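Note sheet for the following structure.
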2 protein chains.
Amino acid sequence: MFIKAKQSRVFQDVVEQIQNAIISGKLEPGSKLPAERELKDMFNTSRGTLREALRVLEQKGLIEIKLGVSGGAIIKRIDAGIMIESLALLIRSGEVSLEHLAEFRIKTEGSIVELATQRATKKDIKELEKLFNRAKAYYEKNDWENFLLTDEKMHTYIGTITRNPVFQFVQKTIHDNIHLYYSEYLPMDRERTFENLTDFKKIIEAMKAGDERAAAEIIMDHVKRFNDKMLEKTRKKAKE
Amino acid sequence: MFIKAKQSRVFQDVVEQIQNAIISGKLEPGSKLPAERELKDMFNTSRGTLREALRVLEQKGLIEIKLGVSGGAIIKRIDAGIMIESLALLIRSGEVSLEHLAEFRIKTEGSIVELATQRATKKDIKELEKLFNRAKAYYEKNDWENFLLTDEKMHTYIGTITRNPVFQFVQKTIHDNIHLYYSEYLPMDRERTFENLTDFKKIIEAMKAGDERAAAEIIMDHVKRFNDKMLEKTRKKAKE
DNA sequence: GCCATATAATGGTTTAACCATTTATTCAGT
DNA sequence: ACTGAATAAATGGTTAAACCATTATATGGC
């Protein structure tokens with residue numbers, strides 16, 4: 001019925017005022033807040049309290065703070081940063097296991113690829129093919145780090161094709177974490193990586209043909225296999 | 001290749017130390033950090049800097065701060081709080097529209113119900129039926145507020161049945177926001193609410209029968225219709 | 001035993017000063 | 001003129017000490 005009454009924390013009030021200004025578009029991404037010593041006067045508070053408010057806004061991903069002369073708090077465009085960090089926390093604390101994540105990926109990426117197939121333009125397909133060729137080149141050069149990065153970009157680009165920011169955020173959140181987590185576990189594995197590339201080739205073909213079910217099935221199977229291999233490796237690693 | 005070098009912010013170091021202690025399980029949920037005046041000595045910093053660190057940890061959802069004697073920073077169990085807030089931000093800023101959210105819901109809740117059907121125990125079904133009956137009672141009493149709350153609980157409980165925390169977090173994040181957003185738009189609508197109840201009855205029946213595809217189809221259709229009605233209403237509202 | 005009151009621990013806020021980083025300016029050397 | 005090193009100044013980061021506000025607990029009168 002009722003919600004907890006507003007706490008009498010000055011910095012919370014400052015946070016809300018600035019946050020509302022950002023959300024409502026009165027403060028645009030890229031623009032800069034006044035200096036701390038000016039802001040503190042505008043809000044009629046102390047610098048310490050104002051800084052606590054800035055800390056919260058920074059953590060929320062709404063501002064970015066730069067040092068030095070002509071530094072200050074810059075309004076950021078909202079991105080997946082906080083969500084990525086949240087998922088990282090859940091994984092690192094053991095709350096979410098790799099199996100949990102894989103199960104979610106299978107379902108979600110299936111949906112994403114399905115939607116992407118329905119909505120892909122010729123330009124999208126071309127972009128995917130460009131990324132694919134780049135990944136292949138890295139593979140042939142045995143450049144593991146860049147291969148992984150490009151692989152991640154292919155996944156997130158498929159998210160982009162859905163034209164739905166929710167899927168885009170989810171896809172970025174998952175793959176940033178996978179990259180974070182797996183790059184320490186995975187040594188370069190030519191066989192597995194080649195399989196990976198082959199899967200992608202097939203997905204692009206299915207998308208070209210407009211066969212959304214086929215595309216979805218391939219990626220779901222891809223994630224399943226990827227995860228099985230991963231579990232095998234991490235278990236081996238744990239034994240050592 | 002390289003990542004940005006560590007910034008020389010004292011409070012960041014404090015945040016990391018405490019966060020690591022929490023993640024690694026050295027600090028358990030429910031336990032309390034020492035008082036600010038003690039902590040500042042332990043970290044050999046000033047109270048202001050320490051408080052900035054606490055502000056960040058609080059915003060991350062890792063601690064909760066209580067006032068008064070025997071107050072202080074209490075370690076929180078990680079929940080969906082930050083994600084809920086993030087999605088709220090995206091919606092309020094217009095980055096994510098209701099159509100975007102509905103599209104995501106259709107796919108995701110379809111998957112969730114599918115999984116839940118595979119994994120539901122008899123106890124789960126019983127719990128769902130209990131919630132259903134409670135919702136029905138509120139419906140008959142025209143208690144809109146409590147009906148909505150119970151409806152939300154049914155959705156999140158289905159998330160629980162998946163036994164996968166990722167789906168649980170996602171489901172909670174979505175429905176908390178729907179509740180937040182729609183309760184201001186929706187007047188009690190007996191016809192629509194009855195339809196809602198009927199859908200749920202059907203879902204429970206399908207789950208009982210172990211028919212995962214049927215259950216998934218019902219909820220996907222349910223979300224679709226719910227969203228269509230909602231769009232109609234919000235557009236009407238916008239015209240006024 | 002119960003209720004009002006006082007006490008003290010704890011977070012919240014303020015002030016004023018100084019430190020560290022970074023950009024812009026100045027100026028010497030060529 | 002140009003270059004590059006020294007300098008200045010704006011801005012965030014940190015410290016210290018004091019005081020205010022809230023609340024659990026202890027005290028004491030009945």
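Order of the sequence lines fixes the chain letters, A, B, ..., with proteins taken first and strands second; residue numbering starts at 1 for each chain. Please read all numbers here as calculations on a predicted model, not as lab measurements.
- One can place CD of A/Glu38 at 13 Å from C1' of D/dG12, the figure rounded to the nearest angstrom.
- Salt bridge absent: A/Glu129 and A/Lys126 never bring a charged side-chain N and a carboxylate O closer than 4.0 Å.
- Salt-bridge check for B/Arg9 with A/Glu58: passed, with a basic side-chain N closer than 4.0 Å to an acidic carboxylate O.
- In this structure, A/Leu50 places its CG atom 13 Å from C1' of D/dT11, rounding to the nearest Å.
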ask   = When you check every protein heavy atom under 4.0 Å of nucleotides 13-22 of chain C, what one-letter string (B, S, -) results, 5' to 3'?
value = BBB-BB--BB
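- Atom NZ in A/Lys66 sits roughly 8 Å away from atom P in C/dT23 (whole-Å rounding).
- Taking for each of A/Ser70 and B/Ala73 the nucleotide of DNA chain C with the nearest heavy atom, the 5'-most of the two is the partner of B/Ala73.
- In summary, A/Asp151 and A/Arg134 do not engage in a salt bridge, as defined by a charged side-chain N under 4.0 Å from a carboxylate O.
- As a whole-Å value, the separation of A/Glu58 CD from D/dG12 P is 12 Å.
- The aromatic rings of A/His155 and A/His175 sit parallel, their planes meeting at an angle under 30°, below the 60° perpendicular limit.
- Whole-Å rounding puts the B/Lys40 NZ to C/dT10 P distance at 14 Å.
- Although no hydrogens or angles enter the test, the distance criterion places a donor-acceptor pair under 3.5 Å between the side chain of B/Ser111 and the main chain of B/Lys107.
- By the 4.0 Å N-to-carboxylate-O rule, B/Glu52 lies close enough to A/Arg55 to be salt-bridged with it.
- As rounded to whole Å, 14 Å separates atom C1' of D/dT14 from atom CG of B/Asp13.
- Remark: C1' of C/dT10 and CG of B/Asp41 are 15 Å apart, rounded to the nearest angstrom.
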